[in-house]
Amino acid sequence: MFDKLLSVQNISVDYTSNSFLFPWEKNLTFRAVDNVSFDVLEGETLGMVGETGSGKSTIAKAIINILKISSGEIFFQNNQISNLNEKKIKKFRKEIQMIFQDPLASLNPRMNVGEIISEPLKTHNSKLSKNDINLQVKEIMENVGLLSNQINRYPHEFSGGQCQRIGIARSVILKPKLIICDEPVSSLDVSIQAQVINLLKELQKKYNLTYLFITHDLNIAKHMSDNIMVLQFGKMVEINKSNEVFNNPKEDYTKQLISSIPRIK
């Protein structure tokens with residue numbers, strides 16, 4: 001039995017409009033996430049599936065405290081982490097990392113690969129020597145399928161798939177407890193998607209990683225996830241074991257999503 005790593009309890013997230021073009025719409029509140037609850041167990045992958053605007057990325061941002069929740073609570077390793085101040089956020093942030101949708105846009109073009117990957121180490125382990133950092137960077141580069149002699153190259157010298165491997169290396173180098181994967185393969189070619197998905201699964205076994213995997217692609221969610229949560233308009237529609245969601249969906253919306261993709265068997 002796995003331990004509960006992340007617990008999201010009845011969270012809601014509201015946005016307030018501050019439109020200058022339409023002043024009559026100022027201070028209007030839009031509920032992006034509405035009373036959502038779920039748990040993520042250590043070592044598993046929870047797939048978060050939904051169409052654009054379903055609240056997936058909003059939930060991710062709330063977990064890492066980029067967005068403040070309007071109500072509810074978020075617990076990480078039994079510690080309440082929602083609505084923390086900056087000083088307290090830093091204590092747990094090294095345990096929760098993110099992999100982003102656009103691999104090239106998420107990398108600083110002025111930094112070489114070694115600097116990009118080592119940035120989290122320098123932030124959270126300031127006592128490490130330059131040699132120790134260099135060795136760790138080269139090791140993680142090789143573990144994600146990059147050549148260590150590419151350490152001084154810059155992001156524009158790499159393909160999209162290679163840039164995502166750099167982003168993955170940066171996220172994994174601290175050996176965090178939880179990695180939030182926000183549409184990590186949606187901008188990649190299908191053949192490259194499969195390579196990156198397999199890499200994430202290999203790294204999960206190697207480092208005992210836990211994933212919150214956000215995607216709009218149900219096939220990818222099925223391949224990647226132990227459990228799947230379906231979202232619509234900021235509300236949780238369904239959550240269950242991956243096979244159960246696909247073979248025995250409970251809700252009409254889930255059935256519609258599955259039936260709309262003829263590739264799923």
Side-chain angles (χ1 to χ4, degrees), residues 3 5-6 40 42-45 60 63-66 76-77 79 81 84-182 184-185 187-188 192 195-213:
D3 293 329
L5 183 67
L6 177 73
V40 183
E42 186 175 358
E44 77 166 13
T45 298
I63 292 170
I64 62 174
N65 259 266
I66 291 177
F76 180 73
Q77 293 183 312
N79 296 307
I81 63 171
L84 295 178
N85 60 39
E86 279 300 321
K87 184 177 180 180
K88 291 182 178 179
I89 287 172
K90 189 175 180 181
K91 292 182 180 179
F92 81 87
R93 186 155 282 171
K94 70 177 182 178
E95 300 288 355
I96 304 177
Q97 295 291 307
M98 285 195 72
I99 300 170
F100 298 95
Q101 178 176 354
D102 189 334
L104 186 57
S106 69
L107 306 178
N108 188 333
R110 296 182 178 86
M111 298 171 68
N112 64 39
V113 171
E115 292 168 334
I116 290 169
I117 296 174
S118 66
E119 190 175 22
L121 280 178
K122 294 174 182 176
T123 300
H124 295 286
N125 296 294
S126 57
K127 295 182 180 179
L128 284 175
S129 69
K130 185 176 180 179
N131 185 58
D132 287 337
I133 290 173
N134 196 50
L135 289 174
Q136 289 192 45
V137 169
K138 288 184 175 181
E139 179 183 3
I140 200 68
M141 286 180 67
E142 292 173 355
N143 286 341
V144 301
L146 295 168
L147 299 175
S148 59
N149 61 12
Q150 296 173 319
I151 194 168
N152 293 316
R153 292 188 181 181
Y154 287 82
H156 71 271
E157 301 179 67
F158 293 87
S159 67
Q162 288 174 318
C163 284
Q164 193 58 290
R165 290 174 187 269
I166 296 168
I168 291 169
R170 179 180 59 188
S171 299
V172 173
I173 196 165
L174 287 174
K175 299 180 178 60
K177 295 293 185 181
L178 174 68
I179 296 181
I180 300 174
C181 306
D182 191 359
V185 297
S187 64
L188 304 176
I192 304 301
Q195 294 175 19
V196 172
I197 290 295
N198 289 333
L199 171 63
L200 288 171
K201 292 173 79 71
E202 290 170 8
L203 293 171
Q204 184 173 38
K205 290 180 180 179
K206 184 177 183 66
Y207 295 113
N208 190 34
L209 299 172
T210 303
Y211 293 138
L212 179 60
F213 193 91

Considering all heavy atoms of both residues, which atom of [X] and which atom of [Y] are nearest to each other, and what is their separation?
X	Y	answer
Gln162	Ser159	OE1-N, 3.0 Å
Asn112	Ile151	OD1-O, 3.5 Å
Tyr211	Leu200	OH-O, 2.7 Å
Cys163	Pro155	SG-O, 3.5 Å
Gly161	Leu188	N-CD2, 3.9 Å
Asn208	Gly43	OD1-CA, 3.9 Å

Are the side chains of [X] and [Y] in touch, meaning some heavy atoms are under 4.5 Å apart?
X	Y	result
Leu6	Lys177	no
Gln195	Ile192	yes
Asp132	Ser129	yes
Val113	Phe158	yes
Val172	Ile140	yes
Pro109	His156	no

Mark yes or no for whether [X], through its side chain, and [Y], through its backbone, hold a donor-acceptor pair below 3.5 Å.
X	Y	value
Ser118	Leu121	no
Gln204	Leu209	yes
Asn143	Leu203	no
Asp102	Ala105	yes

So, taking the atom named [atom1] in [X] and the one named [atom2] in [Y], what distance separates them when rounded to the nearest 0.5 Å?
X	Y	atom1	atom2	answer
Asp3	Thr210	CG	OG1	10.0 Å
Met141	Ser148	CE	OG	6.5 Å
Ile166	Arg153	CD1	CZ	10.5 Å
Ile117	Glu139	CD1	CD	12.0 Å
Glu44	Leu5	CD	CG	9.5 Å
Leu174	Thr123	CG	OG1	8.5 Å

Notebook entry, point to check: Can Tyr154 and Ile116 be said to form a side-chain contact (heavy atoms from CB on, under 4.5 Å), step by step?
Noted result: CA-CA 9 Å; Tyr154 287 82; Ile116 290 169; over 6 Å; no

Check: Who pairs with Leu147 by side-chain contact (heavy atoms from CB on, under 4.5 Å), at least two apart in sequence or on another chain?
Finding: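 Once residues adjacent in sequence are excluded, the partners of Leu147 under the side-chain contact (heavy atoms from CB on, under 4.5 Å) criterion are Asn149, Gln150.
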
Show the atom names and distances, to 0.1 Å, of all donor-acceptor pairs under 3.5 Å that link a side chain in residues 92-101 to residues at least two apart or in another chain.
| from | atom 1 | to | atom 2 | distance (Å) |
| --- | --- | --- | --- | --- |
| Arg93 | NH2 | Ile64 | O | 2.5 |
| Gln97 | NE2 | Arg93 | O | 3.1 |
| Gln101 | NE2 | Ser186 | OG | 3.2 |

Next item on the list: Determine, stepwise, if the pair Thr45 / Val40 fulfils side-chain contact (heavy atoms from CB on, under 4.5 Å).
Entry: CA-CA 8 Å; Thr45 298; Val40 183; over 6 Å; no

Next item on the list: Determine, step by step, whether Arg110 and Glu115 satisfy the side-chain contact (heavy atoms from CB on, under 4.5 Å) criterion, reporting the C-alpha distance in whole Å, the side-chain angles of both residues, the deciding distance to 0.1 Å, and the verdict.
Entry: CA-CA 10 Å; Arg110 296 182 178 86; Glu115 292 168 334; over 6 Å; no

